[in-house]
2 protein chains.
Amino acid sequence: MVLGRTDDTGACCPGLLTAPLDEEQAGELAKVFKALGDPVRLRLLSMIASRAGGEVCVCDLTPAFDLSQPTISHHLKLLRQAGLIDCERRGTWVYYWLVPEMTDRLAGILTRPAGEPLPERTAPAGAAS
Amino acid sequence: MVLGRTDDTGACCPGLLTAPLDEEQAGELAKVFKALGDPVRLRLLSMIASRAGGEVCVCDLTPAFDLSQPTISHHLKLLRQAGLIDCERRGTWVYYWLVPEMTDRLAGILTRPAGEPLPERTAPAGAAS
DNA sequence: TCTCTATATTGACAGTCTTCGATTCAGCAC
DNA sequence: GTGCTGAATCGAAGACTGTCAATATAGAGA
C-alpha cells in the first residue's frame with residue numbers, strides 16, 4: 001500500500017495536492033476512489049461506519065436496498081478489497097465494520113497543508129507573452 | 001450540489017461516517033469519487049493542484065502522458081464536470097486550476113468528528129437470538 | 001482573407017462494471 | 001446424518017468507460 005503514511009516519514013500526507021503523483025501511487029489511490037465511486041457502495045459504507053456498536057450484520061444491510069443479495073455481497077467485497085471495510089463470520093451471520101485508517105488516509109490525501117495554502121492562482125504564469 | 005455544506009447549517013460535514021447517506025446524496029458524491037477513480041485523472045489533478053502559480057496550461061499536461069490529446073481532453077472534462085477543476089481559455093491556450101472547495105469538502109466528508117471518535121467496535125451488538 | 005497551432009468534439013471499438021438468477025458453501029438445529 | 005437459513009460465488013446480459021483516429025472549433029498571425 002503506497003497511499004498516505006501517517007507515521008514513518010513524519011509527513012501526514014504526501015499526496016495529491018502538493019506534488020504530482022507517480023503512476024504507481026495514482027494506480028493504488030484510484031482503486032480506492034473507484035470503490036467509493038458508486039452510490040450503493042457509498043450508502044453501504046455510510047451505513048456501516050455510522051452504526052452504533054461499530055459493526056453491522058449483512059442481514060441488516062441487504063434489505064435496505066432494492067437489489068439482490070448477491071449484488072450487495074459483491075459491493076461489500078469490493079469495499080473490502082479496497083481496504084475500506086473488514087468483516088468476520090460469527091455463527092450464521094457475517095459482520096462488517098469500517099477500517100478508519102483508510103478513510104483517515106484519504107482525508108489526509110485530500111487535505112492541503114495549512115502552512116502552504118495551495119498556490120493562489122496569480123497570473124497567466126507567463127505563457128502567451 | 002448536496003455534498004458537504006460548510007456554512008449554512010453550521011455543520012462542517014454531514015457525511016458518510018456519521019449518518020447513512022440518502023440516495024440523492026450518495027448519487028452526487030459518487031459522481032465526484034468516480035471522477036477520482038482513474039489513475040490518469042488523479043495524476044492530472046495532482047499536477048494541476050501542485051503547480052506553482054495555481055494553474056496549468058493543457059499544453060504542459062498532455063505531453064506528460066502516453067495518451068492521445070483527445071483522451072487527456074476527455075479526462076479534463078470529466079474532472080471539470082465533477083467540480084474538481086475549472087478552466088479558462090486565454091488566447092490559443094487553455095488553463096486549468098483546482099477548485100479547492102471541492103477537495104476540502106471531500107476531506108471533510110471523510111473525516112470523522114474528533115468528539116465522537118467513530119463507534120468503537122464493541123460486541124455483536126445483540127444480533128443473534 | 002488564408003494558414004497554422006492548440007483544444008474540443010465525434011464516432012467507434014474493446015474492455016470493464018453492475019446486475020441478476022442459479023448455485024454453492026458455512027453453520028445451526030433437529 | 002438431513003434440512004434450513006444466511007452469505008458468497010459463478011456465469012451471463014446489458015450498460016458504461018477509456019481510448020483512439022478523424023474532424024471541428026477558436027484564436028493568432030501573415
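Chain A is the first sequence line, chain B the second, and so forth, proteins listed ahead of strands; every chain is numbered from 1.
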- Query: For A/P70 and B/R89, take the nucleotide of DNA chain D holding the closest heavy atom to each; which residue's nucleotide lies nearer the 5' end?
  - Reply: A/P70
- Query: With sugar-phosphate meaning primed atoms plus P, OP1 and OP2, does B/L67 contact a base, only sugar-phosphate, or nothing at under 4.0 Å between heavy atoms?
  - Reply: sugar-phosphate
- Query: Would you call A/D22 and B/R43 a salt bridge, using N to O less than 4.0 angstrom?
  - Reply: no
- Item | 5′-ward residue of the pair B/D66/B/T92 relative to DNA chain D | B/D66
- When all nucleic acid strands are considered with a 4.0 Å heavy-atom cut-off, which category describes B/L78: base, sugar-phosphate, or nothing? sugar-phosphate
- Item | Closest contact, heavy atoms only, A/S46 versus B/L21 | OG-N, 2.9 Å
- Interatomic distance, A/R80 atom CZ to A/S73 atom OG [nearest 0.5 angstrom]: 9.0 Å
- Message: With a 4.0 Å cutoff (strictly under), does any side-chain N or O of A/Y95 reach OP1 or OP2 of D/dG6?
- Response: no
- Query: Is B/R41 touching bases, backbone alone, or none of the nucleic acid, heavy atoms closer than 4.0 Å?
  - Reply: sugar-phosphate
- Query: Looking for any heavy atom pair under 4.0 Å, which part of the strands does A/H74 touch: base, sugar-phosphate only, or nothing?
  - Reply: base
- DNA chain C nearest-nucleotide lookup for B/R80 and A/V40: closer to the 5′ end is B/R80
- Hey, is the side chain of B/T71 poking within less than 4.0 Å of OP1 or OP2 on D/dT19, counting only N and O atoms? no
- Hey, is the side chain of B/Q69 pairing donor to acceptor with the base of C/dA6 inside 3.5 Å? no
- Query: Is it true that atom CD of A/E23 has more than 12 heavy atoms of other residues, nucleotides or ligands lying nearer than 6.0 Å?
  - Reply: no
- Query: Does a nitrogen or oxygen in the side chain of A/K77 sit under 4.0 Å from OP1 or OP2 of D/dA8?
  - Reply: no
